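Taking it in order: structure first as structure tokens, then the write-up.
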Amino acid sequence: MARAIHVYRKPGCPLCDEADELLHDAAARFDFTLVRHNILEDDGLFAKYRYRVPVVVIDGIERLELRFDEGRLEAALQAAGVSFRD
């Protein structure tokens with residue numbers, strides 16, 4: 001069963017767009033579903049993540065934020081025990 005990975009982001013954010021591309025590419029190799037949250041639609045999320053987007057959360061743990069690359073994303077996925085696709 002695929003695990004849910006949450007990314008907190010906002011429209012018009014270049015770092016968020018980069019994160020989306022990296023997560024999209026990683027989804028071809030790792031078994032997860034991506035859940036996107038627009039922090040502009042929730043005052044609580046906006047207050048929490050305003051200056052830190054994108055934030056990647058796996059199993060309730062904030063694993064990555066702001067700028068990250070493919071290597072850091074893959075390391076975070078493996079550290080969280082996200083399995084590879086068959």
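All of these numbers come straight from a predicted model, not from anything done at the bench.
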Original post:
So if you build clusters from Ile, Leu, Val, Met, Phe, Trp, Tyr with side-chain heavy-atom gaps below 4.5 Å, do Val55 and Val7 land together?
Top reply: no
**OP:** Kindly compute the distance separating CD (Glu70) from CG (Asp25), expressed to the nearest 0.5 Å.
**Re:** 7.0 Å
**OP:** Would you please test Glu65 and Val53 for side chain to side chain contact (heavy atoms under 4.5 Å, CB included) and show each step?
**Re:** CA-CA 6 Å; Glu65 65 180 63; Val53 292; over 6 Å; no
Original post:
Parallel, tilted or perpendicular for Phe30 and Phe32, by the 30°/60° rule?
Top reply: tilted
Original post:
Hey, quick one: are Leu64 and Leu15 part of the same hydrophobic cluster, counting side-chain heavy atoms closer than 4.5 Å, chains of contacts allowed?
Top reply: no
Original post:
How long is the gap from CG on Leu45 to NE2 on His6, to the nearest 0.5 Å?
Top reply: 11.5 Å
Subject >> Heavy-atom closest contact (Pro14 atom, Gly12 atom, distance) >> reply: CD-O, 3.4 Å
Original post:
Less than 4.0 Å between a side-chain N and a carboxylate O, is that true for Arg3 and Asp31?
Top reply: no
**OP:** Measure from the side-chain N and O atoms of Arg85 to the backbone N and O of Ala27, and report whether any donor-acceptor pair falls under 3.5 Å.
**Re:** yes
Original post:
Roughly how far apart are Leu77 CG and Ile58 CD1, rounded to 0.5 Å?
Top reply: 4.5 Å
Original post:
Quick one: CZ on Arg36 to SG on Cys16, what's the gap to the nearest 0.5 Å?
Top reply: 11.0 Å
**OP:** Give a yes or no on whether a salt bridge exists between Lys10 and Glu41, defined as a side-chain N under 4.0 angstrom from a carboxylate O.
**Re:** no
Original post:
Which atoms form the tightest heavy-atom contact between Val35 and His37, and what is the distance?
Top reply: CG1-NE2, 3.6 Å
Subject >> Rounded distance (nearest 0.5 Å) linking atom CG of Leu73 with atom CZ of Arg63 >> reply: 11.5 Å
**OP:** List the steps and the verdict of side-chain hydrogen bond (donor to acceptor under 3.5 Å, both in side chains) for Tyr49 and Glu62.
**Re:** CA-CA 11 Å; Tyr49 295 117; Glu62 295 177 4; 3.3 Å; yes
**OP:** Enter the distance from Asp59:CG to Ile61:CD1 here, rounded to the nearest 0.5 Å.
**Re:** 6.5 Å
Subject >> Arg72 (side chain) donor-acceptor with Arg67 (main chain) under 3.5 angstrom >> reply: yes
Original post:
What's the verdict on side chain to side chain contact (heavy atoms under 4.5 Å, CB included) for Val56 and Leu23, showing C-alpha distance, side-chain angles and the deciding distance?
Top reply: CA-CA 9 Å; Val56 176; Leu23 287 159; 4.3 Å; yes
